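No hydrogens, no waters, no symmetry mates; every other heavy atom, side chains included, goes into these values. This structure is a prediction, so every number in the text was calculated from the model and none was measured.
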Amino acid sequence: MTTVIFIHGTGVRPPHTEALNAKVTASLTGAAPGVRVVPLDWGERYGARLAAGGASIPPDGAGATERDAAGGEDGEDAETAAWERLYRDPEAELALAAAHGPAGAIPPGAAFPDEEFRDRLARLAARGESVAPELGPGLGARAADLARSPLLAPAAEALDPEDLAPLLARALAAAVIGAALAEDAPVITDGPTRDAAVDRIARELGATASGSTRGPVGRLIGRPVLRLGSRYAVRRRRALTGAAHPAAGDVLKFLVRGGPLRTALRELAAAVEPPVVLLGHSLGGIIALDTLIEAPLPGVRLLVTVGSQAPFLYETGALPHLDHPEPLPAHVPGWLNLHDRRDLLGFAAAPVFPGRAEDIATDNRQPFPAAHSAYWSDPAVYRAIAERLP
């Protein structure tokens, strides 16, 4: 009788452990009658925990609970969250302004309100980054793009020019900074420097008043969006960290102090009836592979990883017992690696372990992050495992 040791992934704790084990056991024995599933419930004993009760987490802002309960918001926090929204969608304010409709009828024979702004944006584009080099590269290109935006005409009809100039300046700054964030730039300008650059750009676009960054940025984007931003995360940092720490902490703890957990797996593999299959999900796959690499596990005939980051850790040099490009030790058994094409935490093994790992790409039709947990409801996963059991 084949024994499958199931090693769950990161962040799994009771009572979810029992439900997951029951689901995997029932589905796998249904696909492969006669197989015995033995879970390694490592989370509670070997997983991460906040040993000092979360003392390392900075306290929430003073009075945050009272303000949030009353629906109030701090001006600086609201502005910061509004900028977060703009970094994701630099034309968000422009779109909202355009949706407001024209402020009044255009007199016969008058120039369209957007014409002058398109000209100014074109002149700004010709100057490249020279107007605000501290924002980083790309200002000229962004200005050229904004000059062609179809949102500019309706926004120019809806807003006073003195409001539109800083709005466009914020859109340009947000586009440049947002692109830098998307490229993981190591240095991003701070808020005061950004605001000074926006004032300078706004004056180039026709604004006459200083302090342009304090225009309708928060008011136009709106409170419901701000609730989704960093302000909410900062206010709720203790609760969010408390909820998220098992997942991130489990990975870090295993990579740094994984010896006891590898020993527990080794002892369990020696105690069950062979032939043995190690079935690991996510971090469970890392645990299984790293334990096998460290030393042979007599009786283990197959390794199965599902939605695992083990190949990625190997390629990045973070797998504890095998550094790239060292080959997989000969004593590691056959390896079946399943990953869903929408699971951003599932990686391919065959390209980095050619001839030693077999990849199967699945499709559970769930978006990420649901795709990372939906393997265990996918019959194709169990069929693929059952077909390769010794």
Side-chain angles (χ1 to χ4, degrees), residues 1-49 243-247 249-251 253-254 261-262 264-289 291 297 299-310 336-340 342-343 345-346 360 362-390:
M1 175 187 294
T2 298
T3 302
V4 175
I5 297 179
F6 174 58
I7 311 162
H8 66 72
T10 180
V12 179
R13 300 289 190 275
H16 303 296
T17 313
E18 291 80 1
L20 174 61
N21 291 341
K23 174 63 177 176
V24 172
T25 299
S27 298
L28 188 55
T29 54
V35 71
R36 181 189 179 208
V37 179
V38 179
L40 175 62
D41 297 338
W42 57 266
E44 192 77 351
R45 182 173 181 182
Y46 299 104
R49 64 186 181 90
H245 88 270
D250 283 349
V251 177
K253 184 174 181 181
F254 176 75
L261 180 47
R262 287 190 294 269
L265 175 56
R266 195 173 299 282
E267 292 174 349
L268 179 60
V272 299
E273 180 182 350
V276 178
V277 174
L278 301 186
L279 170 60
H281 176 229
S282 192
L283 175 58
I286 299 172
I287 295 167
L289 176 63
T291 303
L297 284 178
V300 174
R301 297 290 179 264
L302 177 67
L303 167 66
V304 181
T305 54
V306 179
S308 182
Q309 307 83 47
L336 173 64
N337 179 63
L338 296 101
H339 60 91
D340 188 274
R342 295 182 179 88
D343 177 16
L345 294 176
I360 293 182
T362 65
D363 183 4
N364 56 49
R365 297 180 58 199
Q366 280 282 28
F368 182 80
H372 188 58
S373 299
Y375 292 100
W376 306 120
S377 298
D378 185 354
V381 169
Y382 296 103
R383 287 197 299 268
I385 297 172
E387 289 171 0
R388 289 159 179 80
L389 292 178

Find the distance between [atom1] ([X]) and [atom2] ([Y]) and round it off to the nearest 0.5 Å.
X	Y	atom1	atom2	value
Leu302	Ile385	CG	CD1	9.0 Å
Leu303	Leu336	CG	CG	8.5 Å
Ser373	Leu20	OG	CG	8.5 Å
Leu261	Ile286	CG	CD1	11.5 Å
Phe6	Thr25	CZ	OG1	8.0 Å
His8	His16	NE2	NE2	12.0 Å

Trace of the side chain to side chain contact (heavy atoms under 4.5 Å, CB included) decision for Ile360 with Asn337: CA-CA 6 Å; Ile360 293 182; Asn337 179 63; over 6 Å; no
Tell me, do [X] and [Y] make a side-chain contact under 4.5 Å, heavy atoms counted?
X	Y	value
Leu279	Ile5	no
Pro14	Glu44	yes
Thr17	Trp42	no
Asn364	Val381	no
Pro274	Thr3	no
Pro275	Met1	no
Leu389	Val277	yes
Leu265	Leu278	yes

Pair Arg266-Leu297, side chain to side chain contact (heavy atoms under 4.5 Å, CB included): steps then yes or no: CA-CA 7 Å; Arg266 195 173 299 282; Leu297 284 178; 3.2 Å; yes
From CA spacing to verdict: salt bridge (charged side-chain N to carboxylate O under 4.0 Å, His left out), Arg13, Asp250: CA-CA 11 Å; Arg13 300 289 190 275; Asp250 283 349; 2.8 Å; yes
Identify the heavy atoms of [X] and [Y] that sit nearest to each other, and give their distance.
X	Y	answer
Arg262	Thr291	CG-OG1, 3.2 Å
Val276	Glu273	CG2-O, 3.9 Å
Ala374	Gln366	CB-CG, 4.0 Å
Pro39	Leu268	O-CD2, 4.2 Å
Thr2	Pro390	OG1-O, 2.6 Å
Asp340	Asp363	OD2-CA, 3.0 Å

Residue among Thr305, Val304, Asp343, Asp378 satisfying side-chain contact (heavy atoms from CB on, under 4.5 Å) with Leu338: Val304
With Ser282 via side-chain hydrogen bond (donor to acceptor under 3.5 Å, both in side chains) - residues at least two apart: Gln309, His372
Test log, rule side chain to side chain contact (heavy atoms under 4.5 Å, CB included), inputs His281 and Ile7: CA-CA 6 Å; His281 176 229; Ile7 311 162; over 6 Å; no
Side chain Thr29, main chain Ala26, donor-acceptor under 3.5 Å: yes
Polar side-chain atom of Tyr382 near backbone of Trp376 as donor-acceptor pair, under 3.5 Å: yes
